[in-house]
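First up is the structure itself, then whatever we jot down about it.
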There are 2 protein chains.
Amino acid sequence: MAVDRDRFKSLLKEKGFKMTRQRLVVLEVLAENPEQHLTAEEIYERVKVENPDIGLATVYRTVQLLLELELIDRINLDDGFIRYEIGSIEEKEHHRYHHLICMRCGKVSAFQDDMLEALESGVREALGFQVIDHEVKLYGYCKDCLEKETNNRLQEERV
Amino acid sequence: MAVDRDRFKSLLKEKGFKMTRQRLVVLEVLAENPEQHLTAEEIYERVKVENPDIGLATVYRTVQLLLELELIDRINLDDGFIRYEIGSIEEKEHHRYHHLICMRCGKVSAFQDDMLEALESGVREALGFQVIDHEVKLYGYCKDCLEKETNNRLQEERV
DNA sequence: GTATATGCAAATGTTTTGCAGCTAA
DNA sequence: TTAGCTGCAAAACATTTGCATATAC
């Protein structure tokens, strides 16, 4: 996924920001790693490969800016890091975070589902709360870990 | 909601822990403030009223212990604090965190809903991911804020 | 030219940890 | 008695901020 330089530039200009090499590179790293939920440190390491002079503080300042511009999403997996990933193109108005977090291997994958719209309208009617955005995290065991466990069990029974 | 001292004691004993005044008081504070999603600091302040000699580190160590014993739940509202609240009695196997977070006044309220079970079984079938626990956060505007906004608008029109 | 952005280092603020003394069992 | 717990202070950690310099426009 390539970054549209000119669109980025005019998006920045709209809000009085300047286009810089650092901002472009941070956005590019995120665009090149979709659904990778990178931490600031991870973004920093990848940016440094081609831009060794960049500072970690700039990465932190840039992700905040990109969040403001709604170009990226923030994900909190409760492991002490805030993570970022490029926003999906299809669903611009509603940011939908649905993440499957494996409690064994820690792998995180995303999925899409519109089922929660029913929940949201229910909340509106029952409690008078108007939902603007939501975040859903499902914790459990991924396919791979479930299969491994089954294999181990079979092996144990054989012994 | 009073804490059952003896049950707490035997629960600790089961895992080789000791019952202490500090642990009991921390649990009591959480039991007396259901659905209050207190931070460690807030728990500390409330505990100190009757136990001025307690240390903040003990509060941190105790909430970790209570989480392990599944007596309390952890909530992360992405505001830089980890919050804790007493676990609800009815739903022991599944910890269900559903929180409504007002983007205007910051008020947090909880609600209960079993709708997500359908989502979970769907995820199991489609992706092979076995869901054990989930967390849902809905961001939006609470009833009070919506009403205030409406009132303000009416007043502006009148002027 | 000037307003904005950067890099560095220092500060921040929450949470964790080391350790000597204390307490429950 | 002794294994486990506590309080204190220091450390650890991700993230933010101040400031002088550099850069975009």
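A, B, ... follow the sequence lines: proteins, then strands. Residue 1 opens every chain. What you see is a predicted model; the values in this text were computed from it and never measured.
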### Query
Which of the following nucleotides, dT15(D), dT6(D), dT6(C), is nearest to the side chain of Thr20(A)?
dT6(C)

### Query
Do Ile101(B) and Glu135(A) come close enough that some side-chain heavy atom pair is under 4.5 Å?
no

### Task
Considering only NZ, NE, NH1 and NH2 on the basic side and carboxylate oxygens on the acidic side, decide whether Asp78(A) and Arg74(B) come within less than 4.0 Å.
no

### Summary
Heavy-atom nearest nucleotide on DNA chain D taken for Ile54(B) and for Gly16(B); more 5' hit belongs to Gly16(B)

### Task
Describe, in one word, how the ring planes of His134(A) and His98(A) are oriented to each other, choosing from parallel (under 30°), tilted (30 to 60°) and perpendicular (over 60°).
tilted

### Nearest-nucleotide comparison on DNA chain C, the residue closer to the 5′ end among Thr39(B) and Gly55(A)
Gly55(A)

### Summary
Glu42(B) atom CD is separated from dG13(C) atom P, nearest whole Å, by 16 Å

### Task
Would you mind classifying the nucleic acid contact of Lys15(A) as base, sugar-phosphate or nothing, using non-hydrogen atoms under 4.0 angstrom?
nothing

### Message
Closest approach to the side chain of Ala40(B), judged atom by atom: which nucleotide of dT17(C), dT15(C), dT15(D) is it?
### Response
dT15(C)

### Query
When the nearest nucleotide of DNA chain C is assigned to Ala57(B) and to Phe17(B) on a heavy-atom basis, which residue is associated with the more 5' position?
Ala57(B)

### Task
Send over the distance from Glu45(A) CD to dA14(D) P, rounded to a whole Å.
11 Å

### Contact under 4.0 Å: Tyr60(A) side-chain N or O vs dT15(D) OP1/OP2
yes

### Task
Respond yes when some side-chain nitrogen or oxygen of Thr58(B) is under 4.0 Å from OP1 or OP2 of dT6(D), and no when none is.
no

## Note on the structure
In whole angstroms, the gap separating P of dT6(C) from CD of Gln22(A) amounts to 5 Å

### Whole-Å distance separating the CG atom of Leu56(B) from the C1' atom of dT16(C)
11 Å

## Note on the structure
Rounded to whole Å, CG of Asp6(A) lies from P of dC25(D) at a distance of 11 Å

### Message
Do Leu38(A) and Phe81(A) sit in one hydrophobic cluster, given that two such residues count as connected whenever their side-chain heavy atoms are within less than 4.5 Å of each other, even indirectly?
### Response
no

### Task
Kindly say if Lys9(A) contacts the phosphate of dA24(D), meaning a side-chain N or O under 4.0 Å from OP1 or OP2.
no

### Query
Counting side-chain heavy atoms from CB outward, which of dC25(D), dT6(D), dA9(D) is closest to Met19(A)?
dC25(D)

### Spacing of Arg23(B) atom CZ relative to dA25(C) atom P, expressed in whole Å
10 Å

#### Entry: Distance, rounded to the nearest Å, where Glu41(B) contributes CD and dT15(C) contributes P
9 Å

### Message
Can you tell whether the side chains of Asp144(A) and Lys107(A) come within less than 4.0 Å, N to carboxylate O?
### Response
yes

### Message
If you only use heavy atoms from C-beta on, which nucleotide in dT4(C), dA25(C), dT15(C) is closest to the side chain of Lys18(B)?
### Response
dA25(C)

### Message
Rounding to an integer number of Å, can you tell me how far Leu24(A) CG sits from dA24(D) P?
### Response
12 Å

### Query
At under 4.0 Å between heavy atoms, what does Arg61(B) touch on the DNA or RNA strands: base, sugar-phosphate, or nothing?
base

